[in-house]
Amino acid sequence: MSRFGLVIVTILVILGSVSFSEAQLKLGFYDKTCPNAEKIIQAVVNQHIGNVPSLAAGLIRMHFHDCFVRVFFISLSKFYKSHIRGFDFIDLVKSILEKKCPGIVSCADIITLATRDSVVAIGGPTWSVPTGRRDGRISNATEALNNIPPPFGNFTTLITLFGNQGLDVKDLVLLSGAHTIGVSHCSSFSNRLFNFTGVGDQDPSLDSEYAANLKTRRCLSLADNTTKVEMDPGSRNTFDLSYYRLVLKRRGLFESDAALTMDPTALAQVRRFAGGSDQQFFDEFGTSMEKMGRIGVKTGSDGEIRRTCSVVN
Ligand code: HEM
Ligand SMILES: *[C@@H]1O[C@H](CO)[C@@H](O)[C@H](O)[C@H]1NC(C)=O
Ligand SMILES: *[C@@H]1O[C@H](CO)[C@@H](O)[C@H](O)[C@H]1NC(C)=O
Ligand SMILES: *[C@@H]1O[C@H](CO)[C@@H](O)[C@H](O)[C@H]1NC(C)=O
Ligand SMILES: *[C@@H]1O[C@H](CO)[C@@H](O)[C@H](O)[C@H]1NC(C)=O
């Protein structure tokens with residue numbers, strides 16, 4: 001090999017090891033390749049959030065699922081379209097970014113950034129979002145369904161599924177706090193109202209006055225799969241501590257919410273947030289969100305940058 005060839009090979013080896021060691025998330029990953037990416041995402045969020053404040057709830061839930069199942073967006077987007085809001089919004093942001101910088105910004109980063117920006121836009125917490133995620137290429141709905149905690153999950157199930165992702169009890173309690181915004185279909189919890197153990201009974205861990213109210217005014221039967229109810233009545237678009245106060249009053253909508261009172265460590269955290277300050281909760285929530293945003297990320301040359309978020313290239 002000529003000396004010139006050797007120099008080239010050496011440079012390539014060094015570059016290779018550099019890009020390998022740098023294959024991790026970092027703040028401002030797109031600063032050079034798509035300098036306005038983060039500003040554009042934030043601007044589109046701000047443009048829409050006034051008319052559709054519920055966007056924040058849809059996005060943060062989508063982000064949660066996308067973190068737990070990195071291929072979530074494609075594997076379940078069709079199946080889930082009626083239950084998870086925000087897919088069209090992500091497609092819109094993606095199409096704008098593809099015009100500016102084709103093939104550069106991943107769907108996973110768009111979801112993560114848009115989630116943070118939408119929560120900030122409704123007056124909620126902020127957190128930093130290191131970028132450089134790449135999109136998954138595999139689509140396996142079974143895997144998705146096995147990893148996402150169900151609303152009827154007990155504490156053991158919840159802590160196992162969160163634990164599988166490197167999240168602990170405190171993260172579980174903090175992140176469940178996102179149920180301070182958004183709505184749920186009756187069908188996600190109406191077994192608690194009508195047929196908890198299969199004998200036409202009600203879940204004793206749900207406040208009976210609240211249950212009666214839901215049954216007579218909102219979710220009229222087990223068959224109702226279209227009505228939606230606020231998870232935090234009266235403040236569904238306000239990111240606040242009321243979720244924890246409701247949980248303590250046994251008015252959390254899901255068994256998974258009630259489960260947070262059934263473990264001493266979790267209960268202590270619920271009490272701490274319920275009696276604490278917004279700022280305390282916001283800071284800790286942000287830390288957990290950043291942690292969640294790192295779960296199973298693909299970086300470097302793993303995965304791909306999808307051209308359309310709902311389809312593998
Ligand atoms: C602890 C385990 C969790 C369970 C079992 C759970 C379950 C659910 C269910 C069943 C719904 C209602 C879906 C429907 O019927 O339309 C829902 C809604 C929601 N969840 Fe969770 N969730 C959990 C954790 C989280 C986390 C970690 C976040 C975010 C950080 C989150 C954010 C939301 C939001 C914002 C909504 C409302 C969505 C909307 O208004 O469109 N949840 N959740
Ligand atoms: C999907 O995931 C499940 C559970 O991990 C596994 O048993 C199954 O073989 C996978 N299916 C495909 C098509 O990869
Ligand atoms: C929690 O739920 C799982 C799955 O349904 C079940 O196997 C387990 O026995 C339950 N644990 C408790 C403590 O109820
Ligand atoms: C309640 O659950 C039991 C056992 O699963 C079932 O046989 C019954 O049909 C259910 N009742 C209603 C009203 O759906
Ligand atoms: C709701 O239930 C009806 C009747 O069982 C069914 O035909 C329909 O597909 C369901 N809709 C949803 C969104 O699950």
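Atoms within each ligand, like the ligands themselves, are counted from 1 in listed order. Worth saying up front: this structure is predicted, and the values here are computed from it rather than measured.
Taking distance alone, with nitrogen or oxygen atoms compared against 3.5 Å, Val183 approaches ligand 1 more closely than that limit.
Side-chain atoms of His63 and Arg116, non-hydrogen and from C-beta on, never get closer than 4.5 Å to each other. With contacts defined as side-chain heavy-atom distances shorter than 4.5 Å, the pair Lys298/Glu304 does not qualify. Taking the side chain as every heavy atom from C-beta outward, Thr131 and Lys26 never approach each other to under 4.5 Å. A heavy-atom distance below 4.5 Å is not found between the side chains of Cys309 and Phe87. By the 4.5 Å heavy-atom criterion applied to side chains, Val229 and Cys219 are counted as neighbours. Counting heavy atoms from C-beta outward, Leu241 and Arg245 have side chains that approach closer than 4.5 Å. By the 4.5 Å heavy-atom criterion applied to side chains, Leu175 and Phe64 are not counted as neighbours.
Within the structure, the ring-ring contact (aromatic ring centres under 6.0 Å, His included) test picks out the following pairs touching residues 273-302 (sequence neighbours left out): Phe239-Phe285, Tyr244-Phe273, Tyr244-Phe281, Phe273-Phe281, Phe281-Phe285.
When heavy-atom distances to ligand 1 are checked against a 4.0 Å cut-off, Ser187 has no atom that comes that close, whether in backbone or side chain. Contacts between Ser188 and ligand 1 below 4.0 angstrom, taking non-hydrogen atoms only, involve the side chain exclusively. At a 4.0 Å heavy-atom cut-off, ligand 1 does not touch His63 at all. With a heavy-atom cut-off of 4.0 Å, Lys228 does not touch ligand 1 at all. Under 4.0 Å from ligand 1, the heavy atoms of Ser256 that appear belong solely to its side chain.
Just one residue in the list Asp263, Leu260, Leu167, Thr265 forms a side-chain contact (heavy atoms from CB on, under 4.5 Å) with Leu172, and that residue is Leu260.
Near Pro151, meaning under 4.0 Å from one of its heavy atoms, ligand 1 places the atoms 5 (C), 10 (C). Listed by number with element, the atoms of ligand 1 under 4.0 angstrom from any heavy atom of His185 are 14 (C), 15 (O), 16 (O). For ligand 1, the atoms lying closer than 4.0 Å to a non-hydrogen atom of Gly182 are 37 (C), 40 (O). Within the listing of ligand 1, atoms 1 (C) sit less than 4.0 angstrom from a heavy atom of Leu172. Per-residue contacts place Ala57 under 4.0 angstrom from the following atoms of ligand 1 (heavy atoms of the residue considered): 35 (C), 38 (C), 39 (C), 40 (O). The Pro150 neighbourhood of ligand 1 comprises atoms 5 (C), with distances under 4.0 Å to a heavy atom of that residue. Proximity to Pro149 (heavy-atom distance under 4.0 Å) selects the following atoms of ligand 1: 2 (C), 4 (C), 5 (C).
Using a 4.0 Å cut-off between charged side-chain N and carboxylate O, Arg134 and Asp302 make no salt bridge. Residues Arg192 and Asp203 are paired through a salt bridge, judged by an N-O separation under 4.0 Å between the basic side chain and the carboxylate.
Within the 3.5 Å criterion, the main-chain N or O of Ala258 finds a donor-acceptor partner in the side chain of Thr261. Looking at Asp201, its side chain does come within 3.5 Å of a backbone N or O of Phe196 through a donor-acceptor pair. Distance alone, capped at 3.5 Å, is enough to place a donor-acceptor pair between the Arg218 side chain and the Lys228 backbone.
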### Task
Tell me, with the steps shown, if Val183 and Ser54 meet side-chain contact (heavy atoms from CB on, under 4.5 Å).
CA-CA 9 Å; Val183 294; Ser54 63; over 6 Å; no

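The option with the heavy atom closest to atom 31 (C) of ligand 1, from among Glu255, Met292, His179, is His179. Among Phe152, Phe64, Phe254, the residue whose heavy atom lies nearest to atom 9 (C) of ligand 1 is Phe254.
The closest approach between any non-hydrogen atom of Asp257 and ligand 1 is not below 4.0 Å. The closest approach between Phe162 and ligand 1 falls below 4.0 Å for a heavy atom of the residue. The shortest separation from a heavy atom of Ser176 to ligand 1 is under 4.0 Å, placing the residue in contact.
The contact shell of ligand 3, taken as protein residues with any non-hydrogen atom closer than 4.0 angstrom, comprises Asn154, Thr156, Thr157.
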